[in-house]
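The structure displayed is predicted, hence computed values, not measured ones.
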Amino acid sequence: MASSWRLESINSLLENLNDTKNPLTEALLICGRPTYEKLATLARQVLAQEAVRYSCSQLEILIEESRKSITSHVTGKVLAGWMRVYTDSCLLRSLADLGPHTALESIARLDGALITCGIAGCRVDIILSTIKQIQHTYLSSFSLLKNAGSAHPVHPEPQIYLDSCGAEILVLDDPPSLHSFQTMFSNEPFLIRRYARDWPALVEHPWRSAAYLKSVSGPGRVVPVEVGVDYTAQGWTQVLMGWDEFLACIDLDDQMTLSNSTSETSTVYLAQHDLSLQFPELLADMVIPDYVYALLDTPCTYQPPGNDERLVTSMWLGPKGTISPAHTVRGPFE
């Protein structure tokens, strides 16, 4: 059974590569026909299980070449093309010699493709389903029940009081109506206390529970984390870290907090990353405020995000003491 779904996945990729009229394949051709033909040839070899070791080494070369191209300031269709090469190479490499001893490495590589390319790699659904298949087939002994979070009691949400900022911020006792937001409150920051108190993330699916968060992810996942109290601190950096290792570094109700291996004195936190891209189940734990759909005056150059929701979603998760200095967000989707 394990070999069956693996070969079906490789064959599906190969069929897509062979269809040169497919827009996704046309994007690969922007990177040059030799690159495209090399990728297609390696896909055929992996499917036939021929010269597996050679195919793996060549796919790793493609991964490194495309990674360098992605980070070399290319833009537009060329950038999109190399992201496609990177994503498909990671998929094929992860499936090429997949087995019990390579399962964790394969999951980490696939997470890397999601983190690096996101929806631009055009393979999000395939990557997520492949990760779940790998976990189910090779790592089932590590899997947690889907409702594991509810099996561990969590403490009531504590009252948190933050230090006042340098400027006065409007505090509202009740959420304003959409009309009031559009006409009165959209041009200045304001605070609504305990606005999210009834979200599933704080109640039935508590993000304060390591067991629940692990049940959503499954074993072997990797996330990008930031190291340092905040991004203005000296020595601040970003690294890839195992999801379980990251959770062990933050204050959760059902586990002891451990020192992280990145640095015993550094704070690690997850921010400015669309965690829902890797763990889409977490989206059901949040309630998107109606305010994001308000009709506001926007620059004529504004273009909304190209995903189905036309939203950019970021999730912050970290230990006590993590701060985000007051700032405004400037970007193409403002």
Chemist: In Å and rounded to the nearest 0.5 Å, what is the CG to CZ distance from Leu13 to Arg44?
Modeler: 13.0 Å

Chemist: Could you measure the distance from the CG atom of Leu139 to the NZ atom of Lys132? Nearest 0.5 Å is fine.
Modeler: 12.5 Å

Chemist: Between Arg109 and Ile63, is any pair of side-chain heavy atoms under 4.5 Å apart?
Modeler: yes

Chemist: Passes side chain to side chain contact (heavy atoms under 4.5 Å, CB included), Ile250 versus Tyr269? Steps please.
Modeler: CA-CA 8 Å; Ile250 62 179; Tyr269 60 98; over 6 Å; no

Chemist: Between Ile134 and Leu110, is there a side-chain heavy-atom distance shorter than 4.5 Å?
Modeler: yes

Chemist: Please step through side chain to side chain donor-acceptor pair (under 3.5 Å) for the pair Ser177 and Ser180, ending with a clear verdict.
Modeler: CA-CA 5 Å; Ser177 67; Ser180 296; 2.9 Å; yes

Chemist: Take a 6.0 Å sphere around CG of Asn18 and say whether it holds more than 12 heavy atoms from other residues, nucleotides or ligands.
Modeler: yes

Chemist: Could you note down all residue pairs passing salt bridge (charged side-chain N to carboxylate O under 4.0 Å, His left out) where residues 80-90 supplies at least one of them, sequence neighbours left out?
Modeler: Arg84-Asp88, Asp88-Arg123

Chemist: Is a donor from one side chain sitting under 3.5 angstrom from an acceptor on the other, for Tyr195 and Asp174?
Modeler: no

Chemist: How long is the straight-line distance from CG of Leu128 back to CG of Asp111, given to the nearest 0.5 Å?
Modeler: 8.5 Å

Chemist: Stepwise, does the side chain to side chain contact (heavy atoms under 4.5 Å, CB included) test hold for Met286 with Met315?
Modeler: CA-CA 10 Å; Met286 304 186 300; Met315 302 177 184; 3.6 Å; yes

Chemist: Check whether Arg6 reaches the backbone of Leu95 with its side chain - one donor and one acceptor, N or O, closer than 3.5 Å.
Modeler: yes

Chemist: Testing the 3.5 Å rule here: is there a donor-acceptor pair between the side chains of Trp207 and Asp285?
Modeler: yes

Chemist: How far does CD of Glu65 sit from CD1 of Ile70, to the nearest 0.5 angstrom?
Modeler: 12.0 Å

Chemist: For Thr25 and Asp19, which I'm curious about, is there any donor-acceptor pair between the side chains at under 3.5 Å?
Modeler: no

Chemist: Go through the side-chain N and O atoms of Ser66 and Trp82 and say whether any donor and acceptor fall under 3.5 Å apart.
Modeler: no

Chemist: Taking atom OH as the centre, does Tyr291 end up with more than 12 heavy-atom neighbours from other residues, nucleotides or ligands that are less than 6.0 angstrom away?
Modeler: yes

Chemist: Salt-bridge test for Asp198 and Arg194: reply yes if a basic N is under 4.0 Å from a carboxylate O, no otherwise.
Modeler: no

Chemist: What I want to check is whether the side chains of Gln278 and His273 have a donor and an acceptor closer together than 3.5 Å.
Modeler: yes

Chemist: Does Arg33 pair with Glu26 as a salt bridge, N-O distance under 4.0 Å?
Modeler: no

Chemist: Looking at Ser217 and Lys214, would you say the former's side chain and the latter's main chain have a donor-acceptor pair under 3.5 Å?
Modeler: yes

Chemist: So, taking the atom named OG1 in Thr71 and the one named CG in Leu79, what distance separates them when rounded to the nearest 0.5 Å?
Modeler: 10.0 Å

Chemist: Might you work through the side chain to side chain contact (heavy atoms under 4.5 Å, CB included) test for Leu270 and Trp316, ending with a clear yes or no?
Modeler: CA-CA 5 Å; Leu270 192 151; Trp316 276 252; over 6 Å; no

Chemist: May I ask you to check whether Ser69 and Ser72 show a side-chain donor-acceptor distance below 3.5 Å?
Modeler: no

Chemist: When rounded to the nearest 0.5 angstrom, what is the spacing between OG in Ser9 and CG in Leu14?
Modeler: 12.5 Å

Chemist: Using side-chain heavy atoms (C-beta onward) and a distance below 4.5 Å, is Ser89 in contact with Ile61?
Modeler: no

Chemist: Start with the C-alpha gap between Ile127 and Thr130, add the side-chain angles, then the distance that decides, and say whether side chain to side chain contact (heavy atoms under 4.5 Å, CB included) holds.
Modeler: CA-CA 5 Å; Ile127 290 176; Thr130 301; 5.7 Å; no

Chemist: When the ring planes of Phe190 and Phe181 are compared, do they come out parallel, tilted or perpendicular, using 30° and 60° as the limits?
Modeler: perpendicular

Chemist: Checking side-chain contact (heavy atoms from CB on, under 4.5 Å) between Ile10 and each of Leu91, Val46, Leu98, which is the one that passes?
Modeler: Val46

Chemist: Would you tell me whether Thr137 and Trp5 have side-chain atoms, one donor and one acceptor, within less than 3.5 Å of each other?
Modeler: yes

